[in-house]
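Notes for the one structure printed next.
Since this is a predicted model, take the numbers as computed values, not measurements. In this chain, numbering begins with 1 at the start of the sequence shown. Just so you know, ligand 1 is whichever comes first in the structure, and atom 1 is the first atom listed for that ligand.
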Amino acid sequence: MDMRNIVMLTGAGVSAESGLATFRGPDGLWEGHRVEDVATPEAFARDPALVHAFYDARREKLGTVEPNAAHLALARLDAEWPGELLLVTQNVDDLHERAGSTRLVHMHGELKKGWCLRCNERFPWAGPMGTGAECPSCGTVGLVRPDIVWFDEMPYEMERIEDALRRCDLFVSIGTSGAVYPAAGFVQTARYVGAEALEMNLEPSLASVFFNQSRVGRASELVPQWVEEVLASPPCKGGD
Ligand code: OAD
């Protein structure tokens, strides 16, 4: 049987029930900060201590949270799905990999990685980074930044993602508001090549109109239910 290719996109909503805050709360702030004060290259140049403190706090918080049922279900799908599959996450937390997902792309970078602006190496990072961090590769002090894709920067692995989207039969978006491009446009690429598109979110997202189907509710309930459905009757290419 020729299995379908699945591409999934996750956002902050998939980690919300693990206790990590989403970005677009009702007050328009992001954990008390304006986005432009903590998530742009200009912010880092202007006030590196503030930006480091923000990401150091978020990295520390990771140690206090666990993957939830949605992460675990997606990892199960990764392990059991016989066709192609790619999980693209906008999240910088490590909950998908801790749940066991391996076919995974962190398009907006990772909290637990650093990037040296002197030698351009990227490396795992645990604990605080701060303005005095030393690069484990070249030894330079003070030029290590969080390996996070900030606004106006290019997301990672776009070629791999675009390739997967162009070949996918099913595109699934989970827990993302559809406010940030290019991720918000993935559904349109998938639909353009004839894929089905399913959205699972607490509320209809800004991109809902592009999906064939929207399921509204909590990721921890909707995602395990959907994974059961998919694994119970793996669809044939060109079928149904
Ligand atoms: P947002 O905070 O914009 O959206 C989170 C979405 O998840 C909202 O639509 C919520 O309704 C939904 N949601 C909340 N709790 C949920 C739950 N338990 N189950 C299902 N859905 C739930 O976060 P993102 O869309 O991920 O970029 O934001 C995209 C990007 O904007 C982030 O990656 C980040 C940010 O600026 C960078 O850092 C570059």
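- Among G175, G178, S208, the residue whose heavy atom lies closest to atom 6 (C) of ligand 1 is G175.
- When each atom of ligand 1 is checked for a heavy atom of A12 under 4.0 Å away, the hits are 23 (O), 24 (P), 26 (O).
- Where the criterion is an N or O separation shorter than 3.5 Å, residue side chain and backbone included, N201 meets it with respect to ligand 1.
- Distances below 4.0 Å separate heavy atoms of E17 from the following atoms of ligand 1: 17 (C), 18 (N), 19 (N).
- Residue contacts with ligand 1, taken as heavy atom pairs separated by less than 4.0 Å, involve A16 solely via side-chain atoms from C-beta onward.
- When each of E203, Q213, E199 is checked for a side-chain hydrogen bond (donor to acceptor under 3.5 Å, both in side chains) with S208, only E199 meets the rule.
- Using a distance-only test at 3.5 Å, with no hydrogens or angles considered, no donor-acceptor pair links the side chain of R145 to the main chain of L117.
- Here T22 has heavy atoms under 4.0 Å from ligand 1 in both its backbone and its side chain.
- Across every non-hydrogen atom of S205 and T176, the tightest pair is CB-O, 3.6 Å.
- Which of A70, G11, A21, G13 comes nearest to atom 7 (O) of ligand 1 through a heavy atom is settled by distance: it is G13.
- The shortest heavy-atom contact between L77 and V227 is CB-CG1, 4.1 Å.
- Just one of W150, F54, F151 meets the ring pair (Phe, Tyr, Trp, His ring centres under 6.0 Å) condition when paired with F44; it is W150.
- Residue G217 approaches ligand 1 through these ligand atoms, each under 4.0 Å from one of its heavy atoms: 19 (N), 20 (C).
- Distances shorter than 4.0 angstrom do not occur between any heavy atom of V35 and any atom of ligand 1.
- Here the shortest heavy-atom distance to atom 14 (C) of ligand 1, taken over T10, N91, L202, belongs to L202.
- Of all atoms in ligand 1, numbered sequentially from 1 with element shown, those under 4.0 Å from a heavy atom of E203 are 8 (C), 9 (O), 10 (C), 11 (O).
- In this structure, R191 contributes its side chain and F210 its backbone to a donor-acceptor pair below 3.5 Å.
- Taking only nitrogen or oxygen atoms, main chain and side chain alike, F151 does not reach within less than 3.5 Å of ligand 1.
- Side-chain contact between Y156 and V105 is absent, with no heavy atoms from C-beta onward closer than 4.5 Å.
- For ligand 1, the atoms sitting less than 4.0 Å from at least one non-hydrogen atom of R218 are 19 (N), numbered in the order shown with element in parentheses.
- Between A219 and ligand 1, an N or O atom pair is found at a separation short of 3.5 Å.
- Contacts between Q90 and ligand 1 below 4.0 angstrom, taking non-hydrogen atoms only, involve backbone and side chain alike.
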Check step by step if salt bridge (Lys or Arg N to Asp or Glu O under 4.0 Å) holds for D56 and R59.
CA-CA 5 Å; D56 282 353; R59 192 178 306 106; 2.8 Å; yes
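- Between the side chains of S15 and H96, no donor-acceptor pair is found at a separation under 3.5 Å.
- Judged by distance alone, with hydrogens and angles left aside, the side-chain atoms of W81 form a donor-acceptor pair with the main-chain N or O of R4 at under 3.5 Å.
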